[in-house]
Q: 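Below you'll find the structure I mean.
We count ligands from 1, going down the list as the structure has it; atoms in each ligand are counted the same way. Computed from a predicted structure; not experimentally measured.
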Amino acid sequence: MSEHLSEITALLIEGNFNEIAGITHSALDTGISADKILDQGLMPGMDHIGIEFKAGRVFVPEVLRSAKAMQESMDIIRPILAETGSEPVGRIVLGTVKGDLHDIGKNLVGMMCEGAGFEVIDLGKNVDPQEFVDAMNELQPDILGMSAMLTTTMMSMDRTIQALQDAGIREHVIVLVGGAPVNQDFADRIGADGYASNAASAADLAKKMVNQKRS
Ligand code: B12
């Protein structure tokens, strides 16, 4: 049983997106649950990739291959998780801010949050402040997550928070920000509710803040 899970972890780390679907199916066939595949197969692999990337031992192409492998496996287990799982932990609307086309980090944050039990709605990249406001009104998420990778686009986070304020809905949502040029100090200055430096801590923070809000 655990052989399948460690194989899934290894394939994800290798970025072997061709074989991971087959092993995911056979893991399910042997009775391993979808949430176990996520928690004990995929997540440890993605955590490992995150650590190695930070340490400069793996590079963007490898991260992309691993993310694609995670996606292949997620595509199989997602419907099962949705069927068997309890209510989602919460709803997250995620986007890369206006003027910015970097989406690898945001996609990883989305995947990790999905793995942590959130319903994730991804608005994509180059997202205008008004698009965030419209999504807020339409989807009423618990969390709004913004990503920026350029020093020139960071201020679009500030403008989005301002737009939420102008629309009178700032207090209705937890705003999380992240991306390489962003830090806690910047998050505090623009009045965001939280900042995380990587996808795994983003998911942890999202969970913590939703629980705090509800208690
Ligand atoms: C890949 C890449 C690209 C790709 C993007 C492909 C894509 N689909 O994303 C392409 C080639 C398109 C690109 C274009 C450009 N890029 Co570029 N790019 C990079 C590169 C090499 C990697 C970025 C990346 O994906 N990192 C990997 C992910 C996993 O890390 P991450 O994004 O930081 O995300 C993690 C955390 O930040 C956090 N996080 C991210 N988002 C969020 C959100 C929330 C809510 C939370 C809580 C956490 C969180 O969790 C993530 C996962 O752990 C970086 C250099 C580098 N080594 O970082 C330059 C870099 C970001 N690019 C740079 C530049 C200048 C550009 C261009 C302007 C180049 C040009 N002259 O055309 C254009 C801009 C295009 C645009 N308008 O956006 C500069 C930015 C400099 C600056 N300080 O502003 C960098 C730093 C390179 C450099 N050293 O000069 N780029």
Side-chain angles (χ1 to χ4, degrees), residues 12-13 15 42-71 74 89-116 118-129 131-132 135-136 139 141-161 164 173-210 212:
L12 189 143
I13 291 170
L42 299 173
M43 294 293 269
M46 219 56 218
D47 284 348
H48 177 84
I49 286 291
I51 292 165
E52 293 296 290
F53 179 77
K54 277 208 138 136
R57 287 189 289 266
V58 306
F59 301 98
V60 174
E62 286 105 309
V63 174
L64 280 178
R65 272 200 297 275
S66 291
K68 186 159 182 223
M70 173 128 179
Q71 203 57 62
M74 281 301 289
V89 181
R91 178 179 285 175
I92 301 186
V93 162
L94 202 58
T96 301
V97 296
K98 187 169 170 54
D100 204 319
L101 303 176
H102 295 86
D103 65 356
I104 301 168
K106 167 193 62 77
N107 294 346
L108 290 179
V109 170
M111 271 188 248
M112 286 298 190
C113 289
E114 199 176 321
F118 282 94
E119 180 191 359
V120 177
I121 297 128
D122 189 344
L123 303 181
K125 48 199 174 186
N126 193 21
V127 181
D128 197 66
E131 283 176 67
F132 280 113
M136 265 295 298
L139 303 162
D142 303 282
I143 293 183
L144 193 120
M146 287 186 274
S147 179
M149 281 298 283
L150 297 169
T151 41
T152 48
T153 58
M154 287 165 82
M155 286 320 286
S156 190
M157 291 178 163
D158 191 17
R159 283 193 283 278
T160 303
I161 292 177
L164 294 173
V173 72
I174 298 164
V175 175
L176 299 186
V177 291
V182 179
N183 57 28
Q184 185 65 55
D185 184 48
F186 177 77
D188 293 343
R189 268 193 285 134
I190 63 168
D193 298 304
Y195 155 80
S197 66
N198 61 68
S201 12
D204 287 346
L205 181 66
K207 240 181 177 168
K208 193 177 109 194
M209 296 203 75
V210 164
Q212 261 171 13

Q: Checking T96 side chain against L101 main chain: does a donor-acceptor pair fall under 3.5 Å?
A: no
Q: Between A196 and ligand 1, is there a nitrogen or oxygen pair with a distance under 3.5 Å?
A: no
Q: Nearest protein heavy atom to atom 9 (O) of ligand 1, by residue and atom, and its distance?
A: D103 N, 2.7 Å
Q: Is V177 touching ligand 1 with its side chain, its backbone, both, or neither, if touching means heavy atoms under 4.0 Å apart?
A: backbone
Q: Between atom CG of L94 and atom CE of M146, what is the distance when rounded to the nearest 0.5 Å?
A: 10.5 Å
Q: Working to the nearest 0.5 Å, report the span between NZ of K106 and CE of M111.
A: 9.0 Å
Q: Look at ligand 1 and say whether T152 reaches it with a heavy atom at a distance under 4.0 Å.
A: no
Q: Measure the distances from the heavy atoms of G50 to every atom of ligand 1 and state whether one is below 4.0 angstrom.
A: no
Q: In the protein, which heavy atom is nearest to atom 38 (C) of ligand 1, and how far is it?
A: S197 O, 3.7 Å
Q: Between the side chain of N126 and the main-chain N/O of G99, is any donor-acceptor distance below 3.5 Å?
A: yes
Q: Report the nearest protein non-hydrogen atom to atom 41 (N) of ligand 1: residue, atom name, distance rounded to 0.1 Å.
A: S147 OG, 2.8 Å
Q: For V109, is at least one N or O under 3.5 Å away from an N or O on ligand 1?
A: no
Q: With respect to L101, determine whether any N or O atom, backbone or side chain, lies less than 3.5 Å from an N or O atom of ligand 1.
A: yes
Q: Could you check which of I104, D100, V63 puts a non-hydrogen atom nearest to atom 6 (C) of ligand 1?
A: I104
Q: Ignoring hydrogens and angles, tell me if any N or O in the side chain of E62 forms a donor-acceptor pair with the backbone of F59 under 3.5 Å.
A: yes
Q: For atom 61 (C) of ligand 1, decide whether some protein heavy-atom distance is shorter than 4.0 Å.
A: yes
Q: Where on N198 is there a heavy atom closer than 4.0 Å to ligand 1, on the side chain, on the backbone, on both, or on neither?
A: both
Q: Heavy-atom distance from atom 88 (C) of ligand 1 to the protein below 4.0 Å?
A: no
Q: CD of E114 to CG of N107: how many Å apart, nearest 0.5 Å?
A: 11.0 Å
Q: In terms of residue, atom name and distance, what is the protein heavy atom nearest to atom 37 (O) of ligand 1?
A: G179 CA, 3.3 Å
Q: Which of the atoms of ligand 1 are close to L176, meaning less than 4.0 Å from one of its heavy atoms?
A: 45 (C)
Q: Is any protein N, O or S atom closer than 2.8 Å to atom 17 (Co) of ligand 1, and if so, which?
A: H102 NE2
Q: Using atom types as modelled, flag every donor-acceptor pair under 3.5 Å from a side chain in residues 200-208 to any protein atom, sequence neighbours excluded.
A:
{"unit_1": "S201", "atom_1": "OG", "unit_2": "N198", "atom_2": "OD1", "d": "2.7"}
{"unit_1": "S201", "atom_1": "OG", "unit_2": "N198", "atom_2": "ND2", "d": "3.0"}

Q: Specify the protein heavy atom at minimum distance from atom 20 (C) of ligand 1: its residue, its atom name, and the distance to 0.1 Å.
A: V60 CG2, 4.6 Å
Q: In Å and rounded to the nearest 0.5 Å, what is the CG to CD1 distance from D193 to I161?
A: 7.5 Å
Q: Can a protein heavy atom be found under 4.0 Å away from atom 11 (C) of ligand 1?
A: no
Q: Are P181 and ligand 1 in contact, using a heavy-atom cut-off of under 4.0 Å?
A: no
Q: How close does the nearest protein non-hydrogen atom get to atom 84 (O) of ligand 1, and which residue and atom is it?
A: T151 N, 2.9 Å
Q: Is any heavy atom of the protein nearer than 4.0 Å to atom 72 (O) of ligand 1?
A: no
Q: To which protein heavy atom is atom 43 (C) of ligand 1 closest, and what is the distance rounded to 0.1 Å?
A: M146 O, 3.5 Å
Q: What's the separation between atom CG in D158 and atom CZ in R189, rounded to the nearest 0.5 Å?
A: 9.5 Å
Q: Can you tell me which residue and heavy atom of the protein come closest to atom 77 (N) of ligand 1, and the distance to 0.1 Å?
A: G99 O, 3.0 Å
Q: Look up atom 57 (N) of ligand 1 and tell me if a protein heavy atom lies less than 4.0 Å from it?
A: no
Q: Strictly distance-based, threshold 3.5 Å: is any side-chain N or O of D100 a donor or acceptor partner for the main-chain N or O of S147?
A: no
Q: Is it true that F53 lies under 4.0 Å from ligand 1, counting heavy atoms only?
A: yes
Q: Under 3.5 Å between any N/O of Y195 and any N/O of ligand 1: does that happen in this structure?
A: no
